[in-house]
*Asks:* 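Please find one structure pasted underneath; my questions will follow.
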2 protein chains.
Amino acid sequence: MSALSIGRLGERAGVNIETIRYYERIGLLPEPARSLAGYRLYAEDHLRRLRFIRRGRDLGFSIEAIRTLLRLAEHPDQPCADADRLAAEHLADVERKIEELTRLSEELGKMTRCCADSVAQCRIIDALGATEYE
Amino acid sequence: MSALSIGRLGERAGVNIETIRYYERIGLLPEPARSLAGYRLYAEDHLRRLRFIRRGRDLGFSIEAIRTLLRLAEHPDQPCADADRLAAEHLADVERKIEELTRLSEELGKMTRCCADSVAQCRIIDALGATEYE
DNA sequence: TCTTGATCCCGTAGTCGCTACGGTGTTCAT
DNA sequence: ATGAACACCGTAGCGACTACGGGATCAAGA
């Protein structure tokens with residue numbers, strides 16, 4: 001009972017309306033029923049699915065990964081090795097990215113708090129101009 | 001002397017040819033001279049500028065930030081407060097992102113190494129299905 | 001009942017920073 | 001002279017949305 005409009009659905013799942021329609025277009029969220037006037041009418045199932053998607057996105061999974069995870073979630077009797085592999089790969093990605101950004105912030109840290117008077121002595125401009133390839 | 005073809009320029013700056021033409025299109029790299037046949041002929045100045053751009057991108061600066069930094073670099077007599085602010089803001093962005101990813105990797109770490117037999121008991125699928133908004 | 005403002009519809013285009021494609025012309029070494 | 005390698009150009013694609021424009025519909029108050 002009590003079908004949700006797209007606006008209410010978005011509110012309750014924490015997802016933008018345009019994004020919901022986008023998920024429908026790419027086949028991530030199934031097409032809902034429609035009112036006589038053509039308005040989308042969502043059921044509780046859609047809400048659960050959309051929350052699953054949002055949570056996956058929050059955790060940084062790609063749309064395609066989420067598509068796979070949703071397929072898995074629909075088959076509770078099957079082994080979950082695939083889900084585990086997906087998550088492990090994603091975790092490795094995230095850890096690589098953290099390392100990368102950490103190196104970056106160290107370099108940026110060295111550059112900033114430049115106390116020079118003019119661009120001519122500026123550490124930042126200097127660092128960018130540094131030649132290291134030849 | 002010794003003008004560079006786009007391929008040689010790309011090699012020496014560590015930048016893809018298509019990317020160089022893209023930078024030209026968006027006005028980041030000035031249009032070079034052309035040979036009779038219409039081939040681009042780059043001078044040393046282009047190489048310096050392109051390396052500046054690449055280094056900026058490596059450090060994660062946006063194209064627009066680099067555009068500003070380039071403008072600054074062209075006026076060595078001016079104060080470098082703007083460059084300092086840009087770099088500091090970027091550093092803050094990077095640090096925020098690191099924090100975010102660290103939280104993420106912790107959550108993912110809890111999820112992975114799931115030893116369940118089936119999706120029904122899978123921690124990963126479970127975590128995604130968890131309701132927290134209402 | 002009328003009106004007003006919020007909500008919804010749809011299709012399309014824009015965002016960022018490239019990267020790829022396709023078809024043609026040029027250069028260079030053998 | 002031939003063939004590989006390189007260059008030209010314009011356009012479209014990527015991922016994951018987000019925004020826009022112009023119209024239809026709904027709910028609530030006067």
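What you see is a predicted model, and the numbers here were worked out from it, not measured in a lab.
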*Asks:* Of the nucleotides dG17(C), dC17(D), dC8(D), which one has an atom closest to the side chain of S62(B)?
*Replies:*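 From the listed options, dG17(C) comes nearest.
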
*Asks:* Once you round it to whole Å, what is the distance between P of dC8(C) and CZ of R8(A)?
*Replies:*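 These atoms are roughly 10 Å apart.
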
*Asks:* E18(A) CD to dA16(D) P: how many Å, rounded?
*Replies:*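 Atom CD in E18(A) sits about 18 Å away from atom P in dA16(D).
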
*Asks:* Roughly how far apart are T102(B) OG1 and E95(A) CD, rounded to 0.5 Å?
*Replies:*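 The OG1 atom of T102(B) sits 9.5 Å away from the CD atom of E95(A).
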
*Asks:* Identify which nucleotide among dC10(C), dT18(D), dG25(C) has an atom closest to any side-chain atom of Y39(B), counting heavy atoms from C-beta outward.
*Replies:*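 Ranking dC10(C), dT18(D), dG25(C) by closest atom to the Y39(B) side chain puts dG25(C) first.
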
*Asks:* Measure from the side-chain heavy atoms of T19(A) and tell me the nearest of dC17(D), dC8(C), dC8(D).
*Replies:*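 Nearest to the side-chain atoms of T19(A), counting from C-beta on, is dC17(D).
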
*Asks:* Compare the minimum distances between each of dA7(D), dC9(C), dC8(D) and the side chain of I6(A), then state the nucleotide with the smallest one.
*Replies:*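 In terms of side-chain proximity for I6(A), the closest of dA7(D), dC9(C), dC8(D) is dC9(C).
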
*Asks:* Y22(B) side chain: which of dC9(D), dT18(D), dG17(C) is closest?
*Replies:*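 Nearest to the side-chain atoms of Y22(B), counting from C-beta on, is dG17(C).
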
*Asks:* Specify the separation, in whole Å, of atom CZ of R54(A) and atom P of dC17(D).
*Replies:*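 Those two atoms, CZ and P, are 12 Å apart.
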
*Asks:* Tell me: CD of E31(A) to C1' of dC10(C), nearest whole Å?
*Replies:*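 My rounded result for the distance is 13 Å.
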
*Asks:* Between Y39(A) and L50(A), is there shared hydrophobic-cluster membership here, with clusters defined by ILVMFWY side-chain heavy atoms closer than 4.5 Å?
*Replies:*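 No, it is not one cluster - the side chains of Y39(A) and L50(A) are not joined through contacts under 4.5 Å.
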
*Asks:* From the list dT19(C), dA7(D), dC9(C), which nucleotide is the closest neighbour of the side chain of R21(A)?
*Replies:*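 Ranking dT19(C), dA7(D), dC9(C) by closest atom to the R21(A) side chain puts dC9(C) first.
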
*Asks:* Round to a whole Å and report the spacing from CG of L28(B) to P of dG17(C).
*Replies:*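 These atoms are roughly 10 Å apart.
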
*Asks:* Which nucleotide sits closest to the side chain of S5(B): dG17(C), dC17(D), dA7(D)?
*Replies:*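 Output: dA7(D).
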
*Asks:* What nucleotide, of dA16(D), dT19(C), dC9(C), holds the atom closest to the side chain of R34(A)?
*Replies:*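 That would be dC9(C).
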
*Asks:* Out of curiosity, does L41(A) fall in the hydrophobic cluster containing L47(A) (side-chain heavy atoms, cut-off under 4.5 Å, transitive links)?
*Replies:*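 L47(A) and L41(A): separate clusters.
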
*Asks:* Mind checking I26(A) for me? I need base, sugar-phosphate or nothing, with any heavy atom below 4.0 Å counting as a touch.
*Replies:*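 The residue I26(A) makes no contact with any strand.
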
*Asks:* Apply side-chain contact (heavy atoms from CB on, under 4.5 Å) to P79(A) and list each qualifying residue two or more places apart in sequence or on a separate chain.
*Replies:*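 Once residues adjacent in sequence are excluded, P79(A) has no partner under the side-chain contact (heavy atoms from CB on, under 4.5 Å) criterion.
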
*Asks:* Rounding to a whole Å, what distance do you find between R40(B):CZ and dC6(D):C1'?
*Replies:*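 After rounding, the reported distance stands at 13 Å.
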
